[in-house]
Amino acid sequence: MSQRKQLLPFAALSASYFAHIGFFNPYLPLWLKELGYGLFAISLLTSVQAATRLFAPYGWGWLSDHTGERVKLLRFSATVALVVSCALWADPGPVALAVVLLLMFTHTSSMMPMSEAAMAHLVSQGGAFDARRYGRVRLWGSLGFLFTVFAAGAWFEHFGMSHFPAWTVLTLAAVALSVWSLPDLKEALPAHERRVSVLPVLRRPAVRWFFAAAFFHVLSHIGIYVFFSLYLDALGYSKTMIGVLWAVSVMVEIVWFFSQARWLPLLSLTAWLVLCAALMVLRMAMTAAAADWLLVILLAQMLHAFTFATHHTACIALLSHHFPGRLRGRGQALYTVVAYGLPGVLGGLGGGVLSSKYGLASVFWCSVATAVVATACAFMVWRQRHPTVPAPG
């Protein structure tokens, strides 16, 4: 099977997984609000996803590194998540709902790290990360997100939030179908590579500063992931317009992923990290100070091309550089834990306290401060002088 044909199922998985995320993450807070939960309870329940990222990705990553059976593990995770999601139709109470979300997220939160690790050798050219090939796979995820964030916003505007569980089950069914279509790839490495420790890599200053920069960068983004829809709703935006504003951020993300091979070689990977963090400061300040001005919030959302898409590609390329071979799954998992699990828990719970006491805008002002710290950490990574991404052939 050619590499292009092998990549098609991964593109389908990316599209279906982010189609699920595209409606679930923006509208989960609004569904919980309709069920009668307050801001702090909403922040607790939405933080369950981040909490699972503290342990699930590394556990699955360790297992996939030691067995090489990344695709079989993906199939198991997708199937369990689909079955568990059916319980959302039962209108569970707060404790039962937390348990359902915990079980569901434990199996979905590690899917992208395992998928990225499984296809890593397919998006490499001559042993180097191929930005063009990776971008063409990843943009399907953005398209999936774009479709559901817009379609779900229009649907919920006209029919209400009661259909949220049905959307969850249908999108996870698409994920399961995509996972079962993946080629059953298994990595067979020499015996001496099967027990490689990750600790020597983590002792490198460049790696430690990289994870610190990723932590504070994504912590700045948590306000968008958890509180942005509630913030816009409080400012009087309709659910359709909320969907449009989410869609704008994904549209510029798609443009970046499609054309990134042209732009990435212009700067080093670490220079891109600094630029993305600096633009995060600007984006969060615009969101905090002037979100009630449609033009300003549109411009802020367009910065998503840098604060997420560019940053994500640079991070994946650096992970591929630092964590090759049998370290790949654990490297991806550590990135998910440090850059999404810890920031998600701290940002979700901290944002819940801040918003309850000082209003939703305070969350985004706090994000400005953490983005400044992310910029400083990214500068320390840049000082290590990492190479640029090689231009694809």
Side-chain angles (χ1 to χ4, degrees), residues 1-21 49 52-87 100 102-124 133-134 137-138 140-141 144 168-198 316 319-320 323-337 340-341:
M1 184 183 293
S2 68
Q3 277 196 331
R4 178 171 294 183
K5 287 184 178 179
Q6 286 182 312
L7 282 172
L8 285 175
F10 286 100
L13 172 57
S14 184
S16 58
Y17 177 82
F18 286 102
H20 167 68
I21 296 298
Q49 183 178 33
T52 62
R53 288 173 173 162
L54 296 176
F55 61 89
Y58 194 81
W60 289 109
W62 179 90
L63 190 59
S64 67
D65 274 350
H66 285 74
T67 63
E69 297 284 6
R70 305 190 199 280
V71 173
K72 283 186 172 62
L73 292 172
L74 279 168
R75 290 172 178 173
F76 175 80
S77 296
T79 303
V80 172
L82 172 60
V83 172
V84 170
S85 69
C86 295
V100 169
L102 177 65
L103 290 172
M104 195 172 80
F105 291 142
T106 296
H107 290 86
T108 59
S109 62
S110 58
M111 290 185 69
M112 276 302 101
M114 280 198 291
S115 174
E116 300 269 12
M119 73 171 182
H121 68 288
L122 298 177
V123 293
S124 298
R133 191 172 292 163
Y134 176 78
V137 173
R138 184 57 182 78
W140 284 100
T168 304
V169 173
L170 288 173
T171 52
L172 283 177
V175 171
L177 183 64
S178 300
V179 165
W180 281 93
S181 71
L182 290 174
D184 194 5
L185 302 172
K186 180 177 179 179
E187 295 183 38
L189 295 183
H192 70 276
E193 291 190 28
R194 290 177 186 167
R195 293 191 178 183
V196 181
S197 174
V198 76
I316 295 299
L319 285 169
S320 180
F323 297 90
R326 277 295 186 187
L327 294 173
R328 191 179 298 137
R330 280 167 285 174
Q332 292 282 351
L334 280 170
Y335 175 65
T336 303
V337 171
Y340 288 92

F76 and its side-chain contact (heavy atoms from CB on, under 4.5 Å) partner, picked from T79, L73, V80:
V80
Set of residues satisfying side-chain hydrogen bond (donor to acceptor under 3.5 Å, both in side chains) with respect to T171, sequence neighbours excluded:
H20
Which value, rounded to the nearest 0.5 Å, describes the distance between L319 atom CG and L334 atom CG?
9.0 Å
Rounded at 0.5 Å granularity, tell me how far CG in L182 sits from CG in L8.
11.0 Å
For a quick test of reading the model, state the closest non-hydrogen atom pair linking A11 to W140 and the distance between them.
O-CB, 3.6 Å
What residues form a side-chain contact (heavy atoms from CB on, under 4.5 Å) with L103, not counting sequence neighbours?
V84, V99
S181: which residues meet the side-chain hydrogen bond (donor to acceptor under 3.5 Å, both in side chains) condition with it, sequence neighbours left out?
none
Report the residues that fulfil side-chain hydrogen bond (donor to acceptor under 3.5 Å, both in side chains) with H107, sequence neighbours left out, ordered by chain and then residue number.
none
Can you name the closest pair of heavy atoms from S85 and V169 and give their distance?
OG-CG2, 3.6 Å
Please find the pair of heavy atoms, one from A81 and one from L172, that lie closest to each other, and give the distance.
O-CD1, 3.7 Å
Taking only residues two or more places apart in sequence, or in another chain, which ones meet L102 in a side-chain contact (heavy atoms from CB on, under 4.5 Å)?
V48, T52, F55, T106
Between atom CG of L74 and atom CH2 of W180, what is the distance when rounded to the nearest 0.5 Å?
11.0 Å
Which residues share a side-chain hydrogen bond (donor to acceptor under 3.5 Å, both in side chains) with S16, sequence neighbours left out
S178
On a heavy-atom basis, the closest approach of M111 and V179 is CE-CG2, 3.6 Å
